[in-house]
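Notes to accompany the following structure.
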Amino acid sequence: MQKSKYVFVITGAAGSGKTTVANYLRERYHMHRVITHTTRLPRPGERDGVDYHFETSETMKKLHLLEQVTYDQSQYGSSLEGLEEGWRQGQNDVVVLDTAGAITYHQRLHQQAVIIFLTVTHMKSLAKRMTLRGDKIDAVKSRLQSKEYHRDLMLPPALKGVAHVVTNDQWENTKKQIDAIVKQIITV
Ligand SMILES: Nc1ncnc2c1ncn2[C@@H]1O[C@H](COP(=O)(O)OP(=O)(O)OP(=O)(O)O)[C@@H](O)[C@H]1O
Ligand SMILES: Nc1nc2c(ncn2[C@@H]2O[C@H](COP(=O)(O)O)[C@@H](O)[C@H]2O)c(=O)[nH]1
């Protein structure tokens with residue numbers, strides 16, 4: 001019987017498939033998706049309280065956050081309350097973070113944070129995926145020019161030997177890799 005609950009942290013470059021993997025973990029393994037906070041504007045189809053808690057700079061300041069980062073000129077942050085909500089219900093959590101956030105989770109939660117770093121073989125496919133997702137052209141350009149985008153293309157040294165690295169080229173193959181990681185961690 002599994003005693004302690006985990007948070008699966010999905011990290012990696014923009015467009016690498018973090019949200020897609022998080023949704024898979026939610027649907028296939030009934031994990032609780034931690035909704036994080038951001039000051040960026042919603043993308044077409046994104047809903048407040050579902051994809052993010054959309055904040056202003058003022059409301060963001062009032063939150064009690066476990067960690068907070070600036071990514072492509074917007075603020076993002078996640079709360080301990082968000083994690084505890086899932087654990088209270090007896091569920092494992094899944095959260096989507098940039099690599100700076102993933103490092104903080106590793107430092108603060110140790111083995112309780114299972115870090116999965118997503119990458120792709122051809123970096124050009126990332127911009128293509130963002131465009132196909134419906135992101136505005138200016139938003140894609142801004143993302144590609146940001147220092148955080150370039151930083152998150154590579155596994156950070158602090159996560160070497162810690163993160164499970166998954167190459168998300170072919171979705172069917174990605175699911176198999178994710179299933180293997182979950183099986184290794186969770187014993188029912
Ligand atoms: N293996 C795959 N092959 C092709 N397309 C994929 C694959 N995985 C995800 N996608 C698609 O790529 C797009 C980007 O995926 P997703 O939104 O999950 O990325 P992300 O890492 O969360 O991005 P961001 O950090 O920019 O929010 C989506 O349209 C998704 O459906
Ligand atoms: N450290 C944190 N990173 C977060 C959080 N919520 C989302 N993110 C990451 O930010 C970038 C940009 O997200 P996008 O939705 O605008 O593309 C991406 O890497 C997300 O994973 C958070 O609370 N903390």
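Positions are given from 1 along the sequence. Just so you know, ligand 1 is whichever comes first in the structure, and atom 1 is the first atom listed for that ligand. Side chains included, hydrogens not; waters and symmetry mates left out as well; all remaining heavy atoms used.
- Ligand 2 has no nitrogen or oxygen under 3.5 angstrom from a nitrogen or oxygen of Arg133.
- The closest approach between Asn168 and ligand 1 falls below 4.0 Å for a heavy atom of the residue.
- Annotation: atom 24 (N) of ligand 2 to nearest protein heavy atom, Glu67 OE2, 2.7 Å.
- Each of the atoms 21 (O) of ligand 1 lies under 4.0 Å from some heavy atom of Ala13.
- Set against the non-hydrogen atoms of Gly101, the atoms of ligand 2 under 4.0 Å away are 1 (N).
- Comparing heavy-atom distances from atom 21 (O) of ligand 2 across Asp51, Val96, Leu118 singles out Val96 as nearest.
- Residue-to-ligand polar distances keep Asp152 apart from ligand 2: every N/O pair is separated by 3.5 Å or more.
- Checked against a 3.5 angstrom limit, the closest N/O atoms of Gln170 and ligand 1 fall outside it.
- Within the 4.0 Å heavy-atom shell around ligand 1 one does not find Ser125.
- Scanning the protein heavy atoms around atom 15 (O) of ligand 2, the nearest turns out to be Tyr52 OH, 2.6 Å.
- Counting the atoms of ligand 2 from 1 in the order shown, those under 4.0 Å from a heavy atom of Arg40 are 14 (P), 15 (O), 16 (O).
- Taking all heavy atoms of Thr19, Asp98, Leu41 into account, the minimum distance to atom 9 (C) of ligand 2 is reached by Asp98.
- A heavy-atom distance below 4.5 Å is found between the side chains of Asp179 and Tyr24.
- Less than 4.0 angstrom separates some heavy atom of Lys18 from each of these atoms of ligand 1: 18 (O), 19 (O), 20 (P), 21 (O), 22 (O), 23 (O), 24 (P), 25 (O).
- Within the structure, ligand 1 has Arg43 among the residues with a heavy atom less than 4.0 angstrom away.
- What sits closest to atom 19 (O) of ligand 1 on the protein, heavy atoms only, is Gly17 N, 3.2 Å.
- Annotation for ligand 2: atoms under 4.0 Å from non-hydrogen atoms of Arg43 are 14 (P), 15 (O), 16 (O), 17 (O).
- Among the atoms of Gly15, some N or O lies under 3.5 angstrom from an N or O of ligand 1.
- Hydrophobic clustering, with ILVMFWY side chains joined whenever heavy atoms are under 4.5 angstrom apart, groups Ile115 together with Leu109.
- Of all the heavy atoms of Asp169, the ones lying under 4.0 Å from any atom of ligand 1 belong exclusively to the backbone.
- Checked for salt-bridge contact, Asp135 and Arg43 meet the test: a charged N lies under 4.0 Å from a carboxylate O.
- Residue contact annotation: Gln68 has no non-hydrogen atom under 4.0 Å from ligand 2.
- Under the 4.0 angstrom criterion for non-hydrogen atoms, Arg143 is in contact with ligand 2.
- Considering backbone and side-chain N/O of Gly77, one or more are found under 3.5 Å from N/O of ligand 2.
- Of the N or O atoms in Thr174, none lie within a sub-3.5 Å distance of an N or O in ligand 1.
- Panel note: side chain Thr167, backbone Asp169; no donor-acceptor pair is recorded below 3.5 Å.
- Under the 3.5 Å distance criterion, with hydrogens and angles disregarded, a donor-acceptor pair is assigned to the side chains of Ser78 and Tyr105.
- Of all protein heavy atoms, the one lying nearest to atom 18 (C) of ligand 2 is Lys18 CE, 3.9 Å.
- Of the options Tyr71, Tyr105, Tyr149, the smallest heavy-atom separation from atom 11 (C) of ligand 2 is shown by Tyr71.
- Inter-residue side-chain proximity for Leu66 and Thr104 is flagged as unmet; no heavy-atom pair is nearer than 4.5 Å.
- Of all atoms in ligand 1, listed by their number and element, those nearer than 4.0 Å to a heavy atom of Trp171 are 1 (N).
- With contacts defined as side-chain heavy-atom distances shorter than 4.5 Å, the pair Arg40/Tyr76 qualifies.
- Protein heavy atom nearest atom 6 (N) of ligand 2, with residue, atom name and distance: Thr36 OG1, 2.8 Å.
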